[in-house]
Structure formats: C-alpha cells, structure tokens
Number of protein chains: 2
Amino acid sequence: MKSKKTDRRIKYTKMVLRESFVKLLKQKPISKITIKEICEEADINRATFYSHYSDQYDLLRQIETGLLSDINEYLAGYSFSDNGSESIQILQKIFEYVQENAEVCSVMLSDKGDISFQQEVMKIVQKQCISEWTKKSVNKELAEYIYSFAVTGSVGVVHKWLKEGMKQSARELAEMVINLTNRGISAFV
Amino acid sequence: MKSKKTDRRIKYTKMVLRESFVKLLKQKPISKITIKEICEEADINRATFYSHYSDQYDLLRQIETGLLSDINEYLAGYSFSDNGSESIQILQKIFEYVQENAEVCSVMLSDKGDISFQQEVMKIVQKQCISEWTKKSVNKELAEYIYSFAVTGSVGVVHKWLKEGMKQSARELAEMVINLTNRGISAFV
DNA sequence: AAATTTATTCAACACATCGTTTATTATTTC
DNA sequence: GAAATAATAAACGATGTGTTGAATAAATTT
C-alpha cells in the first residue's frame, strides 16, 4: 500500500509550498500568482519548486487530487447502513470532511478553483450513490442528465454553504441536497 | 441609448482578437495563452491589444459580459404569456440563444471558462423567473439555497447538452430543467 | 474632396519571470 | 559514520511583458 516513506525534507517542502500557495490564492487569482512569489513566501529555492511541480497549475492539481483521495479514504473508514438512507449518510460524511478542511476546501470550491475539480468532488457522491439511483429505473441518457443536474447543483449548494460560514450542520445540508435531488422544490412547499 | 457609433477599425480589431482568442481557447487553457500569441493569430499589433484589453483575462471577461448583455437583449425581444409556464418559455429562449451561438458558448461554459460566468448566465433565468418562484412561499434563506441548487444544476445540464452535440431541442431541455427543479427525480420515475 | 481626428503600426526599450544548469552545502537514511 | 539524497546559491539565455514616440493608414467630419 504505502510506497516507501518519503523523505522528511520533501514532506516539508511540499507542505510549505502548498500553504504559501493557498495563502496567495485567497488574495488573488492563480493567473496573477508567480512561482517566484510562491517560493519567496515559502522560503524555498525556486529550483526546488521545479523538482516537484511544473508550474502553479500543477501544484493546484496536486492539491486537488490529494483532497480527493483524502475524501475517498475518509469515506472508506465508514460503513453505511443499507436502509435506504445511505445517500444522506454519505453526503453527510463528505460535508463533514469539507467542514473540517474548510480553509482549503473553500478556496478550492470557490471561483478561484477550477470547474473540473468541483465536478470530481461530486462524482464521488455519484459513485457512492449510484446503486440507489439505479433502483429508480429511468433510461440511461436521461439518468445522465439527472446526474449532471444533481451533481453540479450540489456543488452550488456546498459553495454557498461555505461562503455563508457553514451555519447549517452537515446533516441538515445533506438532507437538503437529497430532498432537492429527489423531489425538487416541491419538497419544501 | 447608443453611445455614438464605434469606429469600424475598433470593431474589426476587437472582432479578430476575440476570434483568435476563442480559437486558441479551444486548444489550450487560458493560462498557456500569451498575448503575443493572440496578436500573431489575429495579425494585430501587440500595442493595439493593450489599447483595448489589459490582458487575456480581461478579454475573456469582455467576451462574457458581451454574451450576457446579448442574451438579455435577446430575451427583451419577446413577451412571455403569463399562464404559469413562463419559466419554460424563458429557458427555451435562452437555450435557443446558446444553440445559435454554440461555438462561443460551448467554450465559455466548458471548464475553459470561469465559474462566475456560468453562474451569471443562470442568474438571468433566476431574475426572469423570480416572480414565479416566490409564489411558492418558502423562507428566504432556504429559497436562496434552492436557487443555488437549481441554477448551478441547470448550468450542468446545459454543459452536458453542449458537450453531447445538442441532440435535444431547446424546448425539451427547458422542460427537463423545469421538471428537475420543481419535482426532482420523482418527476421522471 | 479635403481636412481633421483617431486608430493602428513599427521598432525599440527596460524589466520580470521563466526554466535549467552546475557546484556546493545540508539533512536524512541506513 | 558513510552513503545517498535533497535543498541551496548563483548564474544563464530565452521569452513575454507593458510602455513609449514617431510614422502611417483609415475613418469621420466639415
């Protein structure tokens, strides 16, 4: 499973580079962030940066994929009861993870992050919930459209939730998303 | 209303710059596109670029706001019957516009474009449909979450629609989005 | 149609960041 | 402690940036 253990120095270098980058990303769009700048902030030699990342966008992507595998690992740690409300439980766990890592997640899911990542996040839900979905038989093409709607819609909700300071609990948000997905507005009137 | 008419040369310059830029945007992410490159493609002097735009991102933003005001103008040209299906009609018109301008729109709404624009597009729908929404009384905070879900979800559907070559009609897509928004999956089982 | 205004071009500029290299130093691992 | 590996420092040519001022070309105005 674990591929050797990585050198402490590498761990440190990557950590400070990530932190400096996220810090800068809070202040300005990625397009205005230079590699020189990231390295100065992190106090890491520029040549060292290049031995780990090809550019800012590569660094961003590595942070994102790190988060994704982190979420997957986090979910793997739980077994969900098969009583028809698995989707809510899974969503709840994901939202809890997002809550616990709000600093990074709020940047990555904001308009500073990129669209493809946002979709990747919610594809995890899709993957986890897919068995429940397919119980409700609809034709495949239609199902894919419903997926797109539900997945991107959920990202929108999470985005708003983060922006407003996460006032609701992860559980409440999960219930809301499931309701919206299953019954739309009619669930709330 | 109209603020003088703009010089023909300006019109031309801006047009070819936009075209060249969109062409490049189909090939690679905006971060890899240089101003030098756009100008060579358009056969426009680099100094001229700077007299109209500050950088690639400014150019992108201007294209986007152009599209938005274009859609608004397009919608203003129609009056919608007030028989409870206004939302469908408005959505249909918007989707027709997207269809007619598929080349630009598919780039702008893809992961090449930026998130804020995608949300702006669907805020037009929100604005247009808001009266119909508020009929169904829900509390304001909840309503905003529902908006977020519906709006971003709809963008997801449109994105998919464009990517798959717009097989459905604008009308069909409008109906699908309205159904998903109002009744969720339950509308399709 | 000529005069005037305005846009674009051209060439040059100093400047910053880029991405790579090479020798040297520091740290970690075994 | 020895060997291996990572980070540093300094230098490099290369490339794109953003701005300039003078010359040219095209539009609009009269």
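In what follows, chains are A, B, ... by sequence order, proteins preceding strands, each numbered from 1.
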(request) Measure from NZ on A:Lys36 to P on C:dT17 and round the result to the nearest Å. (result)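 Computing the A:Lys36:NZ to C:dT17:P distance gives 4 Å.
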
(message) In this structure, how many angstroms lie between the P atom of D:dA9 and the OH atom of A:Tyr50, rounded?
(response)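 Whole-Å distance recorded here is 17 Å.
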
(request) Please confirm whether any donor atom in the side chain of B:Arg46 sits under 3.5 Å from an acceptor in the base of D:dG18, or the reverse. (result)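 In this structure, the two groups form a donor-acceptor pair.
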
(message) Should the side chain of A:Arg9 and the base of D:dT5 be counted as holding a donor-acceptor pair, with the cut-off at 3.5 Å?
(response)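 Yes, the side chain and the base share a sub-3.5 Å donor-acceptor pair.
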
(request) Could you please name the option among C:dT8, C:dT28, D:dA7 that lies closest to any side-chain atom of A:Asp7? (result)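 The listed nucleotide nearest to A:Asp7's side chain is C:dT28.
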
(request) Give the rounded distance in Å between these two atoms: NZ of A:Lys11 and P of C:dT29. (result)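 From A:Lys11 NZ to C:dT29 P: 8 Å.
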
(request) Please check if any side-chain donor atom of A:Asp55 sits under 3.5 Å from a side-chain acceptor atom of A:Tyr50, or the reverse. (result)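 On atom types as modelled, these side chains do not qualify, holding no pair under 3.5 Å.
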
(request) Tell me, yes or no, whether the heavy-atom count around A:Lys11 atom NZ, taken from other residues, nucleotides or ligands under 6.0 Å, exceeds 12. (result)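 Incorrect, the count does not exceed 12.
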
(request) Decide yes or no, distance alone: a donor-acceptor N/O pair under 3.5 angstrom between the base of D:dA9 and the side-chain of A:Asn45. (result)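 Answer is yes: a donor-acceptor pair is held.
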
(request) For A:Asp55 and D:dG16, give me the distance from atom CG to atom P, rounded to whole Å. (result)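 Atom-to-atom, A:Asp55 to D:dG16, this comes out as 16 Å.
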
(message) Looking at B:His52, I'd like to know whether one of its side-chain N or O atoms comes within less than 4.0 Å of OP1 or OP2 on C:dT8.
(response)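 Result: yes.
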
(request) Nearest whole angstrom, please: distance from the P of C:dT9 to the CZ of B:Phe49. (result)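 It is 13 Å, rounded to the nearest whole Å.
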
(request) Starting at CD of A:Glu64, measure out to OG of A:Ser69 and round the result to the nearest 0.5 Å. (result)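 A:Glu64 CD to A:Ser69 OG: 12.0 Å, rounded to 0.5 Å.
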
(request) Would you mind telling me which residue lines up with the more 5' stretch of DNA chain D, B:Ile33 or A:Thr13, judged by nearest nucleotide? (result)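 With B:Ile33 and A:Thr13 compared, the 5'-side residue is A:Thr13.
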
(request) Describe the nucleic acid contact of B:Thr48 in one word from base, sugar-phosphate, nothing, applying a heavy-atom distance below 4.0 Å. (result)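 Counting heavy atoms under 4.0 Å across all strands, the contact made by B:Thr48 includes a base.
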
(request) Would you kindly give the CG-to-C1' distance between B:Asp58 and D:dG18, to the nearest whole Å? (result)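 Between C1' of D:dG18 and CG of B:Asp58: 14 Å.
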
(request) With the side chain of B:Arg8 defined as its heavy atoms from C-beta on, choose the nearest nucleotide among D:dT28, C:dT20, D:dT17. (result)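 Per side-chain heavy atoms of B:Arg8, the pick is D:dT28.
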
(request) Would you indicate which nucleotide in C:dT17, C:dA7, D:dA7 comes nearest to any side-chain atom of B:Ile10? (result)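 Taking heavy atoms from C-beta onward, the closest nucleotide is C:dA7.
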
(request) Determine whether B:Leu17 and B:Met15 fall in the same hydrophobic cluster, where Ile, Leu, Val, Met, Phe, Trp and Tyr are linked whenever their side-chain heavy atoms lie under 4.5 Å apart. (result)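 Linked within one cluster.
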
(request) Report yes if some heavy atom in the side chain of B:Lys14 is under 4.5 Å from a heavy atom in the side chain of B:His52; otherwise report no. (result)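 The answer is yes; the side chains approach within 4.5 Å.
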
(message) From NZ of B:Lys5 over to P of C:dT6, roughly how many Å is that when rounded to an integer?
(response)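 B:Lys5 atom NZ is separated from C:dT6 atom P by 16 Å.
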
(request) Measure the distance from OH on B:Tyr53 to P on D:dG18 and round it to the nearest whole Å. (result)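 That distance rounds to 16 Å.
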
